[in-house]
Amino acid sequence: MAPSARSHHNTPARSRRVYGQNLLTAPDAVRRLVDAAALDPGDVVVEVGAGRGHLTAALAQRCRRVIAYEVDPALAAAVPAHAGVTVRVADFLAAAPPAEPFTVVGNIPYALTSAVVDWCLHAPGLTAATLLTQLEYARKRTGDYGRWSRLTIATWPWWQWRLAGRVPRQAFRPVPRVDGGILRLTRRPVPLAPGRGYEAFVDLGFSGVGGSLHASLCRRFDPRRVTAAFRAMRLAPDTPVGLVWPEQWLTLFRLLHARAR
C-alpha cells in the first residue's frame, strides 16, 4: 500500500499526488476538526497522514501525546518539533495500535478511507476516531441521505456514527474536487446487542432477496413472526432495506432472534 521508494525524491507537489494527499491548511478548518475530536488533556492521539504538521501542532496543544504517521518522508521532515509529538515515517495501515486506550484523528487520503475506517473498527484500544473524509462518504455512513449503509448497521451496536461537520474544498491544498466531511466514530461503553448473532442477522437482511428486508428475513425466520414484528414496529413489509433505521434493526433482532431459539 505504500508507494515505491523512488517517489520519495520527487517534488512536494508530485509527492502529494503520489500519496493521494490534499493537505488541510486553513486554520479555521483545522480548529473545527480538533474541536470535533473532543480531546481530553490526558489523551493519546494517533494521527493519520500528518502532512506538514498543521493538524499535528493543534492536536499537541489539546492532549498528552500525539503519534503522527506520515508515509511521505519529505512531508514528515517538515512537521515542526513539539513536546509530546512522535512522527513516524510509516504506513498507518500497517501500524500496530497502541497498547493503551487512544483516539484517532486525521485528514485521511480519500482513496484510503475504507481501509482506514476498517483499521479503526478493529483496533482494540480505540475509543473514538475523528476522520476528515469526502463529504459524500461521511453523509452515507451516518444516514444523512436518509438511507443507512450495511457497514453502519452492522457496527451500530458497538459504534456510534455521526457527521460532525463539513469542510469546504477550498480549505485544502491542492484543492480537491469535493468538500470534506468530519466523520466521528465513538465506541459505545456498553454494546447495544449481545453476542455475534447480530452481524449474521444484518448479513441476512442485506442479502437482497425479494428487494426488501422483510423478504430477506423470511428466508431464516417464520414469515408469520417476521410480519408480526414489522406490524408491531409499524414498519411496512415492502420498506427498502436502506430505509430501516439502526434502532429498528436492533428491535427486529431482539424480537426475531429470541423467538428463533
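All values below come from the heavy atoms of this structure, side chains included, with hydrogens, waters and symmetry mates left out. Throughout, residue positions are numbered sequentially from 1 according to the sequence presented.
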Val34 versus Val105: any side-chain heavy-atom pair under 4.5 Å? no
Task: Worked check of side-chain contact (heavy atoms from CB on, under 4.5 Å) between Thr239 and Val244 - done: CA-CA 7 Å; Thr239 303; Val244 180; 4.0 Å; yes
Q. Got Cys63 and Pro41 here, is their nearest side-chain heavy-atom distance under 4.5 Å?
A. no
Run Glu199 and Trp158 through side-chain contact (heavy atoms from CB on, under 4.5 Å) and show every step you take. CA-CA 11 Å; Glu199 293 176 88; Trp158 300 274; 4.0 Å; yes
Could you tell me whether the side chain of Ser207 and the main chain of Asp203 form a donor-acceptor pair under 3.5 Å?
no
Do Phe253 and Val209 sit in the same hydrophobic cluster, where Ile, Leu, Val, Met, Phe, Trp and Tyr count as joined when their side-chain heavy atoms come under 4.5 Å apart? no
Quick note, ring pair (Phe, Tyr, Trp, His ring centres under 6.0 Å) partners involving residues 116-146, not counting sequence neighbours, are Phe92-Trp119
(Q) Salt bridge check, Arg64 against Glu100: does any charged N sit closer than 4.0 Å to a carboxylate O? (A) yes
Interatomic distance, OG1@Thr113 vs CD@Glu136, rounded to 0.5 Å, equals 11.0 Å
With sequence neighbours left out, the residues meeting side-chain hydrogen bond (donor to acceptor under 3.5 Å, both in side chains) with Arg177 are none
Quiz item: So do Val66 and Thr56 actually touch side chain to side chain, heavy atoms under 4.5 Å?
Solution: yes
- Test item: Val104 and Tyr69 side chains (from C-beta on) under 4.5 Å apart, heavy atoms: no
May I ask you to decide whether Arg139 forms a salt bridge with Asp179, counting only side-chain N to carboxylate O separations under 4.0 Å?
no
Taking every heavy atom of Val89 against every heavy atom of Val71, the minimum-distance pair comes out as CG1-O, 4.0 Å
Between Val46 and Phe102, the two heavy atoms sitting closest are CG2-CD1, 3.7 Å
Minimal heavy-atom distance between Val241 and Gly205, with the atoms involved, is CG2-O, 3.6 Å
So salt bridge (Lys or Arg N to Asp or Glu O under 4.0 Å) across residues 24-50, not counting sequence neighbours, yields Asp35-Arg62
When every non-hydrogen atom of Pro176 is compared with those of Phe172, the smallest separation belongs to CD-CB, 3.5 Å
With side-chain contact (heavy atoms from CB on, under 4.5 Å) as the criterion, how do Val87 and Ile67 come out once you've worked through the C-alpha distance, each side chain's angles and the decisive distance to 0.1 Å?
CA-CA 6 Å; Val87 179; Ile67 305 170; over 6 Å; no
Next on the checklist: Could you check, using the six-membered ring where one of them is a Trp, whether Trp156 and Trp148 have ring centers closer than 6.0 angstrom?
Outcome noted: yes
Without hydrogens or angle criteria, can the side chains of Arg187 and Thr127 be said to hold a donor-acceptor pair below 3.5 Å? no
Please check this pair: side chain of Glu70 against backbone of Ala50, looking for a donor-acceptor N/O pair closer than 3.5 Å. yes
Taken to the nearest 0.5 Å, the spacing of Asp118 CG from Leu93 CG works out to 9.0 Å
- request: Please check if Leu256 and Leu250 belong to a single hydrophobic cluster, counting links between Ile, Leu, Val, Met, Phe, Trp and Tyr side chain heavy atoms closer than 4.5 Å.
  value: yes
*Are His214 and Thr227 linked by a side-chain donor-acceptor pair shorter than 3.5 Å?*
yes
_Using modelled atom types and a 3.5 Å cut-off, is there a donor and acceptor pairing between side-chain atoms of Asn107 and backbone atoms of Asn22?_
yes
### Query
Any donor-acceptor pair under 3.5 Å linking the side chain of Ser216 with the backbone of Phe206?
no
Query raised in the report: Taking C-beta and beyond as the side chain, do Ile182 and Leu131 meet within less than 4.5 Å on heavy atoms?
Result: no
query: Is the closest side-chain heavy-atom distance between Met233 and Phe230 below 4.5 Å?
result: no
**OP:** Establish whether Leu151 and Val116 are linked, either directly or via other cluster members, by ILVMFWY side-chain heavy-atom contacts under 4.5 Å.
**Re:** yes
task = Evaluate the side-chain proximity of Leu183 to Leu163: yes if any heavy-atom separation is below 4.5 Å, no if none is.
result = no
### Query
In terms of hydrophobic clusters joined by side-chain contacts under 4.5 Å, are Val48 and Trp159 together?
yes
Could you tell me whether the side chain of Gln61 and the main chain of Ala58 form a donor-acceptor pair under 3.5 Å? no
All heavy atoms of Leu126 vs all of Ala128, minimum pair found to be CD1-O, 3.0 Å
State, with a plain yes or no, whether a side-chain heavy atom of Pro101 is found less than 4.5 Å away from one of Val44.
-> no
Note to self: Between Arg173 (side chain only) and Gln170 (backbone N and O only), is there a donor and an acceptor less than 3.5 Å apart?
What the structure shows: yes
Of Asp144, Thr155, Thr142, Thr186, the one forming a side chain to side chain donor-acceptor pair (under 3.5 Å) with Trp161 is Thr155
Determine, step by step, whether Leu39 and Thr103 satisfy the side-chain contact (heavy atoms from CB on, under 4.5 Å) criterion, reporting the C-alpha distance in whole Å, the side-chain angles of both residues, the deciding distance to 0.1 Å, and the verdict. CA-CA 9 Å; Leu39 300 173; Thr103 183; 3.6 Å; yes
Output for pair (Leu55 CG, Thr130 OG1), nearest 0.5 Å, gives 10.0 Å
Taken to the nearest 0.5 Å, the spacing of Lys140 NZ from Ser149 OG works out to 6.5 Å
